[in-house]
Amino acid sequence: MRVSDRISRVEYAIRDVMLHAREYQKTGKEIMYLNIGDPVAFDFKTPKHIKMALADALNADNDYYTDSEGWPELRKSVVNKEKGKKGLELTPEDVLITNGVSEGLDMVMGSIVEDGDQVLLPGPYYPPYSSYAKFYGGTITEFKIYDDGTPDLDDIRKKITHKSKAICIINPNNPTGEVFSSKSLKSIVDIAAENELYIICDEIYDEIFFEESFSGIGRMAKDAPVVLLNGFSKTYLMTGLRCGYVCMNNNSRQLDPLRQNIFKLARVRIASNFPVQIAANAALNGPQDHLPIMVNKLRYRRDLVYNRLNDIEGLECIKPKGAFYMFPKIDLKDKWKNDLEFVIELLNSTGVLTVHGSGFGSMGSGHFRIVYLPQEDILNKSMDKIEQFVKNKNKDL
Ligand SMILES: Cc1ncc(COP(=O)(O)O)c(C=O)c1O
């Protein structure tokens with residue numbers, strides 16, 4: 001039986017490497033998972049008051065369908081965060097609660113992308129951005145980011161065509177951990193506004209940064225068509241609970257058609273998980289003290305991995321400013337055909353599982369992505385193995 005052409009355009013490198021890992025698992029040897037950005041799978045646990053709110057919601061029988069747009073209390077709390085703290089002009093009616101940022105991204109792309117539309121993405125980018133854009137008939141074009149995390153504005157301008165529909169920003173970025181400055185954000189907002197493009201901005205790592213402060217797009221948005229995606233998976237350690245949201249800049253009249261239509265999609269899928277929305281509301285309104293603890297632990301692990309990797313001849317990486325990923329460049333020479341071969345050979349000879357950079361777009365090729373969430377002993381053991389693996393290969397040459 002035939003399946004749609006559309007489905008063949010979907011790929012997700014981060015999970016695709018798991019197929020190789022399953023083969024390796026059959027050998028019975030240990031795998032070190034540095035491939036999936038799930039803090040809860042490591043020693044970062046959902047704060048107790050969030051789990052209690054979830055349990056209480058279930059015990060109080062609050063597990064029926066709620067409003068398709070989201071539970072009104074949570075929509076208000078999202079406004080308090082994104083408007084009150086981060087400066088994006090919003091009312092609760094501009095907020096849609098979703099089962100994770102992933103569902104929000106699907107709905108946004110499904111609402112705006114038509115056949116042949118071009119979506120601009122930072123190179124490299126988080127893979128669902130290209131998968132959903134292509135699934136809905138669009139094409140993608142990557143724009144360059146300099147090593148210091150500044151987007152190449154001329155590259156963006158050069159790549160805009162009459163088919164361009166949206167510019168996406170992932171800030172802090174996955175897989176590089178780059179953080180955009182407010183100046184860069186403002187310039188992108190201006191370019192998008194001049195060219196009547198949507199700005200889709202993903203701030204799921206907005207509380208995980210290692211510099212003094214983080215500026216989101218909110219204060220830069222003015223009346224531009226900014227669609228902000230955010231969620232609870234990373235900063236509130238709720239990956240498996242699945243809760244996120246879409247915010248549409250209330251100052252933008254260009255967003256009125258999206259505002260009037262996206263909620264139709266929300267109604268088709270009835271509602272997002274109600275008990276989890278109650279837990280998410282407790283997350284936003286409850287104690288935030290897990291955040292500095294998490295960020296300090298991550299800063300230490302980032303520095304460990306950064307120093308260890310940069311000491312290996314043939315690998316080079318830039319210090320990430322946010323999130324929990326590192327994206328080293330591989331000196332491939334004649335040692336490996338490409339980054340995928342590097343990642344598979346590394347897995348098969350050491351058990352260290354990472355993701356090939358080309359899975360994050362063409363600008364990611366020649367790199368691999370490491371998640372530095374595991375505890376120090378596992379990180380050190382993995383770094384020893386990577387070091388030995390690269391050294392052996394250098395010797396063979
Ligand atoms: C940039 C970015 N956006 C969205 C997601 C997925 O978010 P959610 O768990 O809310 O679907 C991830 C997960 O790694 C991510 O890195």
Side-chain angles (χ1 to χ4, degrees), residues 11-18 33-42 44 46 50 70 74 78 81-82 95-110 119 121-133 140 142 145 149 166-180 199-209 214 216-217 227-247 269 272-273 276-277 279-280 283-284 298 320-327 354-355 357 359-361 364 369-373:
E11 47 197 43
Y12 192 49
I14 302 168
R15 297 224 165 211
D16 291 348
V17 289
M18 281 306 288
Y33 292 95
L34 304 190
N35 63 319
I36 293 191
D38 184 351
V40 190
F42 299 94
F44 301 88
T46 318
I50 300 177
L74 180 57
V78 167
K81 169 172 173 167
E82 299 297 348
V95 178
L96 164 63
I97 308 292
T98 56
N99 292 300
V101 169
S102 310
E103 189 191 44
L105 176 64
D106 183 2
M107 288 188 187
V108 171
M109 291 285 189
V119 175
L121 302 178
Y125 54 80
Y126 176 58
Y129 279 80
S130 73
S131 287
Y132 284 127
I140 58 127
E142 291 165 70
I145 315 279
I167 299 186
C168 300
I169 302 168
I170 303 159
N171 189 33
N173 194 14
N174 173 5
T176 55
E178 289 147 348
V179 174
F180 282 7
I199 303 154
I200 303 172
C201 186
D202 181 331
E203 294 184 359
I204 194 168
Y205 300 101
D206 64 354
E207 300 279 0
I208 307 176
F209 55 89
F214 166 81
I217 198 149
V227 180
L228 175 73
L229 302 176
N230 205 345
F232 298 86
S233 289
K234 316 288 178 172
T235 50
Y236 291 102
L237 300 162
M238 293 170 64
T239 43
L241 297 177
R242 316 303 303 126
C243 194
Y245 52 87
V246 178
C247 299
R269 64 79 164 106
S272 69
N273 186 319
V276 170
Q277 291 190 63
L284 287 180
L298 283 173
K321 294 191 178 128
F324 33 66
Y325 309 100
M326 209 156 308
F327 202 59
T354 58
V355 186
F360 300 86
R369 191 191 75 170
I370 283 184
V371 168
Y372 54 83
L373 288 165

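Keep in mind that the numbers below use all heavy atoms, side chains included, and drop hydrogens, waters and symmetry copies. Read the numbers this way: they start at 1 and go in the same order the structure lists the ligands and their atoms.
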message = Can you tell me if Phe232 contacts ligand 1 (heavy atom of the residue under 4.0 Å from the ligand)?
response = no

key: Identity of the nearest option to atom 12 (C) of ligand 1, non-hydrogen atoms only, from Tyr245, Tyr129, Tyr126   = Tyr126

Residue Ser233 vicinity, atoms of ligand 1 by number, heavy atom under 4.0 Å = 8 (P), 9 (O), 10 (O)

remark   = Across all chains, not counting sequence neighbours, the salt bridge (charged side-chain N to carboxylate O under 4.0 Å, His left out) partners of Asp202 are none

key: Atoms of ligand 1 close to Tyr325 [distance to a heavy atom under 4.0 angstrom, numbered from 1]   = 14 (O)

inquiry  = When you measure from the heavy atoms of Glu103 to every atom of ligand 1, does any distance fall below 4.0 Å?
reply    = no

request  = Heavy-atom contacts with Gly100 under 4.0 Å: which atoms of ligand 1 show up? List them by number with element.
outcome  = 10 (O), 11 (O)

note = Taken to the nearest 0.5 Å, the spacing of Leu373 CG from Phe324 CZ works out to 5.0 Å

task = Consider every N or O of Thr239 and every N or O of ligand 1, then say whether any pair is closer than 3.5 Å.
result = no

Tyr205 ring center within less than 6.0 Å of Tyr325 ring center = yes

query = Which of the atoms in ligand 1, numbered in the order shown and given with their element, are less than 4.0 Å from a heavy-atom of Asn174?
reply = 14 (O), 15 (C), 16 (O)

inquiry  = So, regarding Ile170 and ligand 1 (criterion: nitrogen or oxygen to nitrogen or oxygen, under 3.5 Å), is there a contact or not?
reply    = no

query = Can you list the residues that meet the salt bridge (charged side-chain N to carboxylate O under 4.0 Å, His left out) rule with Lys81, with sequence neighbours excluded?
reply = Asp206

inquiry  = Are the side chains of Pro172 and Glu203 in contact, using a 4.5 Å heavy-atom criterion?
reply    = no

query = Do Glu178 and Ile145 come close enough that some side-chain heavy atom pair is under 4.5 Å?
reply = yes

request  = For the residue pair Glu82 and Leu228, establish whether any side-chain heavy-atom pair is separated by less than 4.5 Å.
outcome  = yes

Ligand-side contact atoms (ligand 1) for residue partner Asp202, heavy atom cut-off under 4.0 Å = 1 (C), 2 (C), 3 (N), 4 (C)

